[in-house]
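Read the structure below first, then the notes.
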Number of protein chains: 2
Amino acid sequence: MGHTGQRRRKPARGPQRKPGSRVHSELAAGIGRRILDGTYQPGSLLPNEAEWGEIFGASRTAVREAIKTLNGKGLLVSRPKIGSRVEPRERWNLLDRDVMAWHRAALDERTFLLSLQEIRRILEPGAAVLAAQRRSPQQLAALEKALADMQSAVARSEAMVAADVRFHLALLAAANNELLAPFGIVIEQALASMFAYTTSHAVHPEQMLPLHARVVKAIAARAPEAARKAMTELLDDTDETLGAAAGAQA
Amino acid sequence: MGHTGQRRRKPARGPQRKPGSRVHSELAAGIGRRILDGTYQPGSLLPNEAEWGEIFGASRTAVREAIKTLNGKGLLVSRPKIGSRVEPRERWNLLDRDVMAWHRAALDERTFLLSLQEIRRILEPGAAVLAAQRRSPQQLAALEKALADMQSAVARSEAMVAADVRFHLALLAAANNELLAPFGIVIEQALASMFAYTTSHAVHPEQMLPLHARVVKAIAARAPEAARKAMTELLDDTDETLGAAAGAQA
DNA sequence: GCCGCTAAATTTGTAGGACAAAAGCCGGAG
DNA sequence: CTCCGGCTTTTGTCCTACAAATTTAGCGGC
């Protein structure tokens, strides 16, 4: 990499910066993506801090802060004289927002979406049971509000997706177990990804809305098994839509 | 390469520091604990970097690295002129090893354990279904190995718990959906916590082992519903043990 | 030759100082 | 009163220097 010349660069690079996109954030994203896409395999050594600095034209300080961020997400560990080593995949916090986003970028949309839906099918019926047993009046109201928003947004796809996300997050919250919260990112990503994937294809709210309504009804009635059944059927319907879109795309 | 002589040396190690016990790690733990235990509520502002430096007697550099780590775990966000603000709980990566540990320290053992077990009852039966459908021969072997270890460790409690953990982690792995991996920490913490909680109370391996064996058998036979049922009964038994211990402690 | 100890080299960890950038605060001009 | 610009606080970045950890190499003693 021997290059001659001064080390000052980056004259260009518009001043417009997104809220959380300081230099170290971009570094974290740059390195994180390279880990998620397999450029650096688990167990392998990353370039040292000085090299990252050259690659990105940033100071060692910024590199170190980026690495500490990735450290916090379980992607790597650093040790003196050794360097930073990529952790085995099972240590990665895949449910972290950023990690999930990098992961999504590294997979094809369909594979990514299927793995998300699989998790939803395991968790959401269980969450529905807990919600039916323990939801507070406020939590029920939030659920009903989200449902109403979905109904009034039938025509506008984006608002519909947003309300749908709120619905499922409200359900998770109503289960009153905060260990379920990290899983909210799965729902957000799944619905966003599904929106991208099935757009221009058949999405039939006329079928989807009653299914959501049944979930709310069961939770309102504090009927755990009915809630589980309704949620399961909702997810069945979702997967059918997905399957149809896959067929149409192929 | 050429010759591989054995270079075993350094039998004695002095301080024997744990891998992550540098200054900034301790800072991260100190700050993280204060967030998890409610000293700093979501939405509130933390002391600025200079103040943390005084509190812990560390440089601003170390403080910043600690804060970047917590940033990566979703506990807080920092902005110039504003400071570092604690994120709402639903953004926290509760499934992160460190966050989970701080969370555990901030709750009473029983409450913590119940919330973990609740998650296990939702997830593990579903994971067992997937494992029965998709486990590879190697993954089945790992499961059988863990079961054998449990059987041969009946007398030694600690080895028993370790094998138990390996068993459930192997089951998660056999489900072949890496989004399940982050939940491994739930299992580890639940079993560790249960060991601490029920120690000196009745743990009946004579009942527990056949239940584990049934799970393996169903997965070996690629029988998803049998696997689900066996896993559910295993968890029922676990919760019974827990309930008995609770009664004894009260 | 082989062993054990020591020194060197490499990479991260910590310290501290300087300045840039962001964003709320406030006062003055119109 | 409103708007604009400077003031101020706090994080963000860069730099330099050194400490700590740990592998590698070398050197002397047996």
Side-chain angles (χ1 to χ4, degrees), chain A residues 6-11 13-31 44-72 75-87, chain B residues 1-31 44-72 75-87:
Chain A
Q6 53 264 82
R7 54 185 142 160
R8 260 288 169 252
R9 55 182 74 81
K10 291 173 67 70
R13 191 58 138 250
Q16 81 297 4
R17 274 235 191 87
K18 287 190 296 184
S21 89
R22 310 284 181 286
V23 174
H24 74 257
S25 303
E26 289 176 17
L27 276 161
I31 301 175
S44 68
L45 244 61
L46 269 57
N48 66 31
E49 295 171 350
E51 292 178 77
W52 281 122
E54 286 177 20
I55 293 173
F56 286 95
S59 71
R60 198 185 148 210
T61 307
V63 171
R64 281 185 63 74
E65 297 195 346
I67 285 181
K68 285 289 161 293
T69 299
L70 299 179
N71 221 312
L75 293 184
L76 46 86
V77 291
S78 304
R79 299 180 62 193
K81 163 68 186 177
I82 307 293
S84 291
R85 194 178 292 279
V86 180
E87 286 271 84
Chain B
M1 298 301 191
H3 65 84
T4 66
Q6 48 176 323
R7 61 187 68 169
R8 173 178 46 78
R9 59 176 69 160
K10 286 190 167 38
R13 197 72 54 94
Q16 189 69 350
R17 242 175 160 169
K18 287 193 302 181
S21 89
R22 308 288 181 292
V23 173
H24 75 258
S25 301
E26 289 175 18
L27 276 161
I31 301 174
S44 68
L45 275 161
L46 269 56
N48 66 33
E49 296 171 348
E51 293 178 75
W52 282 122
E54 287 175 22
I55 294 173
F56 286 96
S59 72
R60 196 183 152 214
T61 307
V63 172
R64 280 185 63 75
E65 297 196 346
I67 285 180
K68 285 289 161 291
T69 300
L70 299 179
N71 219 313
L75 294 184
L76 46 86
V77 291
S78 305
R79 299 181 64 190
K81 162 69 185 178
I82 306 293
S84 291
R85 195 178 291 280
V86 180
E87 287 271 84

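Order of the sequence lines fixes the chain letters, A, B, ..., with proteins taken first and strands second; residue numbering starts at 1 for each chain.
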N/O contacts under 3.5 Å, protein versus nucleotides 3-6 of chain D?
none

Under 3.5 Å, N/O pairs linking protein and nucleotides 8-10 of chain D:
| unit_1 | atom_1 | unit_2 | atom_2 | d |
| --- | --- | --- | --- | --- |
| dT10(D) | O2 | K81(B) | N | 2.8 |

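Phosphate proximity of dT13(D) to H24(A): present, with a side-chain N or O under 4.0 Å from OP1 or OP2. In terms of phosphate contacts, K68(A) brings no side-chain nitrogen or oxygen within less than 4.0 Å of OP1 or OP2 of dT12(C).
Counting only heavy atoms from C-beta outward, the side chains of V23(B) and F56(B) never approach each other to under 4.5 Å.
Separating the NZ atom in K68(B) from the CG atom in L76(B) is a distance of 8.5 Å, to the nearest 0.5 Å. Separation of atoms OG (S78(A)) and CG (N48(A)) is listed at 11.0 Å; rounding is to 0.5 Å. Between atom OG of residue S59(A) and atom NE2 of residue H24(A) there is a gap of 11.5 Å, rounded to the nearest 0.5 Å.
dT12(C) atom C1' lies 15 Å from atom CG of L70(A), rounded to whole Å. The distance between atom CD of E54(B) and atom P of dA15(C), rounded to the nearest whole Å, is 14 Å. If you measure from atom CD of E65(A) to atom P of dT12(C), you get 16 Å, rounded to the nearest angstrom. Between the CG atom of L45(B) and the P atom of dA23(C) there is a distance of 14 Å, given to the nearest Å. Atom P of nucleotide dA15(C) and atom CZ of R64(B) are separated by 15 Å, given to the nearest angstrom. Atoms CG (L27(A)) and C1' (dG12(D)) sit 12 Å apart, rounded to a whole Å.
Checking dA21(D), dC15(D), dG12(D) against the side-chain heavy atoms of R22(B) singles out dA21(D) as nearest. Taking only side-chain atoms of A58(A), from C-beta outward, the nucleotide of dC14(D), dT11(D), dA15(C) with the closest atom is dC14(D).
Here the shortest heavy-atom pairing between L46(B) and I31(B) reads CD2-CG2, 3.9 Å. A pairwise comparison of heavy atoms in P80(B) and R22(A) identifies CD-NH2, 3.7 Å as the closest pair. Contact between L27(A) and A58(A) at its shortest, heavy atoms only, is CD1-CB, 3.9 Å.
Side chain R60(A) to base dG13(C): a donor-acceptor pair is found below 3.5 Å. Remark: the T61(A) side chain and the dG12(D) base include no donor-acceptor N/O pair separated by less than 3.5 Å.
Considering L45(B), I67(B), L70(B) as possible partners of S84(B), the one that fulfils the side chain to side chain contact (heavy atoms under 4.5 Å, CB included) test is I67(B).
Residues meeting the side chain to side chain donor-acceptor pair (under 3.5 Å) test with T61(A), sequence neighbours left out: none.
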